[in-house]
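Just so it is clear, the structure is predicted and the values come from calculations on it, not from any experiment.
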Amino acid sequence: MVAEGTRRSGTGPELDRIADEMQQEYIGRTTASERAYDRAKRSMPGGDTRTVAFHAPYPLTIVKGEGYELTDLDGNTYIDLLNNYTSLIHGHAFGPITEAVTAQLQLGTNFAAALEVQAGLAERLTGRVTSVDKVRFTNSGTEATMMAIRGARAFTGRELIVKMEGGYHGTFDDFEVSVHPSVDSGPDGFPVPTIDTPGVPQNRLQTVTVIPFNDVAAAERVFADHGGEIAAVTLEPVMGSAGMVPAEPEFLQALRDLTRQHGALLMFDEVMSFRLGYGGMQGAYEIYPDITSFAKIMSGGFPGGAFGGTDEVMSIFDPFSKQPLWQSGTFNGNAVTMVAGAAALDHFGADEVARINRLGDQLRSRIRLLLEMYGFEAVVTGYGSFGAIHFTAGPVRNYRDAARSNQKLKKVLHLALLQEGLFVAPRLMFCISTPMSESTLDEIDARFERALKRLDDVR
Ligand SMILES: Cc1ncc(COP(=O)(O)O)c(C=O)c1O
């Protein structure tokens, strides 16, 4: 422990040595994963096909998931606090999903025709989400957001999209604007949009601009300057990419009011946050957008996504409309995803949503307490079943606050947590799944404390 009154910020010279020690320990207990990684490198650049899941020195190779437990190629087990980036609401190999999918496989996987199971999942979404009268399905959250944006542009006849600095909405050109920008891209409060991904055309900057999350003045300014050009404002009600940062209600309300006043659409990306309320996070805030994108839990662990909105907005996709917006996709609404999504939602009623949200609240408090006890300068953000750790004095209200936190210390704690059998995102984001209970939290707490003890030399 550090002396009372002093805080560990992880800025001392010893952090490099501790990082090296953690890495050596990791390599020592994951030799089979290392061999698998060396093999993968021969056929995939960097041995990887999903950059977000990559971390140094190499990611674990996981061979099995059951409930909240993962097993790697070396036989090490982990409590899964990531759930494939929040998408596996019921953990792994959930019985009802496995049964529904197995039954559907006997009947065929997809047909270029209408499927009853599509309407089944569509009704579940429209039944839960107040602002959604109609939905369309896609194969991923990326495609859902892409189509929602196209819909917003077609509906308003305008091109400019306002997104949040640091907001991630999938991997497509329009939204590769200021996803991981330097914190010096313009002064705080006045971010200059940048393209931080090679290969994305610079002309995207003509049709996408950014404001800081939770900044009402910036929202008012962008509408004062560009009100008549804005097709939509897009944001996550709890910003996942910045590290689970909830929107302040007055910010969401300001965006709702401004978009209405200026004839723009408000678009919520609820790809991640849908699980936080029975009717999504919009239901929890009681602030309703015109159009919403979904994915992750709604497709029950299979590839899928959806976008939906009011009858009026969604009517532009209606083949009977004058100039219907074309939306195609060989696997859109495929039967396997539909039945998996329906089973996932049927077992995630309002009581379950509330129960795992409470577990998340407890877990964040417990982690906060441990970080405090061990003297770390840290902020734990989140809402309900979501949480994230930031090594900073805080507060963390937007992307820049999170990006300025100590990233090296995050990496070190990530490896320490893996050593203790806690599987979280390398950016220290975590979530609860329904197989978990209070006794799971006790186990997580004990492992988390052991991981912090490993970092006793951090100053
Ligand atoms: C908020 C948000 N939007 C969109 C996406 C893209 O979804 P997908 O990975 O299914 O394409 C993600 C994925 O992590 C996300 O977190």
Side-chain angles (χ1 to χ4, degrees), residues 125-126 129-136 138 141-165 167-170 172-175 177 193 204 206-211 213 215-216 218-239 247 249 251-271 273-274 279-283 285-295 305-318 321-327:
L125 289 171
T126 58
V129 187
T130 307
S131 71
V132 172
D133 299 323
K134 297 239 162 58
V135 293
R136 279 265 175 134
T138 63
T142 295
E143 288 174 37
T145 314
M146 229 163 67
M147 288 311 297
I149 288 301
R150 186 178 294 180
R153 285 179 166 148
F155 184 79
T156 57
R158 301 171 179 177
E159 289 200 352
L160 187 62
I161 303 291
V162 179
K163 73 182 276 287
M164 303 301 119
E165 186 180 33
Y168 175 72
H169 303 285
F172 61 105
D173 284 1
D174 252 334
F175 269 8
V177 174
R204 295 296 84 192
Q206 290 161 19
T207 53
V208 180
T209 192
V210 294
I211 59 172
F213 194 58
D215 187 333
V216 175
E220 288 168 347
R221 206 169 46 241
V222 79
F223 273 95
D225 293 348
H226 302 284
E229 301 154 55
I230 297 172
V233 177
T234 306
L235 76 163
E236 290 180 275
V238 175
M239 196 168 164
F251 180 61
L252 285 189
Q253 191 58 58
L255 292 178
R256 182 60 286 182
D257 296 343
L258 286 161
T259 45
R260 281 219 175 98
Q261 281 159 24
H262 292 268
L265 299 189
L266 180 61
M267 185 191 143
F268 281 180
D269 178 341
E270 294 237 42
V271 165
S273 62
F274 179 44
M281 202 54 209
Q282 51 192 271
Y285 279 114
E286 297 184 10
I287 295 177
Y288 298 102
D290 305 292
I291 192 159
T292 304
S293 54
F294 304 94
F307 60 98
T310 57
D311 268 325
E312 196 190 0
V313 171
M314 292 303 285
S315 67
I316 56 172
F317 291 93
D318 183 341
S321 76
K322 262 204 200 111
Q323 251 199 322
L325 235 182
W326 184 266
Q327 185 220 351

For a quick test of reading the model, state the closest non-hydrogen atom pair linking [X] to [Y] and the distance between them.
X	Y	answer
G151	I316	O-CD1, 3.2 Å
T209	P193	OG1-CG, 3.6 Å
F307	A144	CB-O, 3.7 Å
F317	Q327	CD2-CB, 4.3 Å
Y288	S131	CB-CB, 4.0 Å
F223	A264	CE2-CB, 4.2 Å

Task: Partners passing side-chain hydrogen bond (donor to acceptor under 3.5 Å, both in side chains) against D311 (at least two apart in sequence or in another chain) - done: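 Residues passing side-chain hydrogen bond (donor to acceptor under 3.5 Å, both in side chains) with D311: K134.
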Could you give the distance from [atom1] ([X]) to [atom2] ([Y]), rounded to the nearest 0.5 Å?
X	Y	atom1	atom2	result
M281	E286	CE	CD	11.0 Å
F268	T145	CZ	OG1	14.0 Å
L235	L255	CG	CG	6.0 Å
T310	L265	OG1	CG	7.5 Å
S321	M314	OG	CE	11.5 Å

Task: salt bridge (charged side-chain N to carboxylate O under 4.0 Å, His left out) between D318 and R136, worked out - done: CA-CA 10 Å; D318 183 341; R136 279 265 175 134; over 6 Å; no
Please tabulate, for the side chains in residues 156-163, all donor-acceptor contacts under 3.5 angstrom to protein atoms that are two or more places apart in sequence or on a different chain.
unit_1, atom_1, unit_2, atom_2, d
T156, OG1, A152, O, 2.8
T156, OG1, R158, N, 3.2
R158, NE, G228, O, 3.2
R158, NH1, G227, O, 3.4
R158, NH1, I230, O, 2.8
R158, NH1, H262, O, 2.8
R158, NH1, G263, O, 3.4
R158, NH2, H262, O, 2.9
K163, NZ, G167, O, 2.9
K163, NZ, V177, O, 2.6
K163, NZ, S178, O, 3.4

TODO: Could you check F155 against I291 for side chain to side chain contact (heavy atoms under 4.5 Å, CB included), going step by step and ending with a plain yes or no?
DONE: CA-CA 11 Å; F155 184 79; I291 192 159; over 6 Å; no
Task: Test item: side-chain donor near acceptor, E312 and S315, under 3.5 Å - done: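 Their side chains do not contain a donor-acceptor pair, so the 3.5 Å distance test is not met.
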Open item on the list: Any heavy-atom pair between the side chains of M146 and T138 that's under 4.5 Å?
Closed with: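 When only atoms from C-beta onward are counted, M146 and T138 do not touch, as no gap falls below 4.5 Å.
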TODO: Mark yes when over 12 heavy atoms from residues, nucleotides or ligands other than R150 sit less than 6.0 Å from its CZ; otherwise mark no.
DONE: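 Count not over threshold, so no.
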- [ ] Apply side chain to side chain contact (heavy atoms under 4.5 Å, CB included) to the pair E220 and L258, showing each step before the final yes or no.
- [x] CA-CA 7 Å; E220 288 168 347; L258 286 161; 4.1 Å; yes
TODO: Only counting residues at least two apart or in another chain, list the ones meeting ring-ring contact (aromatic ring centres under 6.0 Å, His included) with F175.
DONE: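 Applying ring-ring contact (aromatic ring centres under 6.0 Å, His included) to F175 gives H169, F172.
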Task: Trace of the side chain to side chain contact (heavy atoms under 4.5 Å, CB included) decision for M164 with V233 - done: CA-CA 9 Å; M164 303 301 119; V233 177; 3.9 Å; yes
Task: Check: L266 main-chain N/O paired with D290 side-chain donor or acceptor under 3.5 Å - done: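 Yes.
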TODO: Measure from the side-chain N and O atoms of E270 to the backbone N and O of Q282, and report whether any donor-acceptor pair falls under 3.5 Å.
DONE: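 Confirmed, E270 side chain pairs with Q282 backbone.
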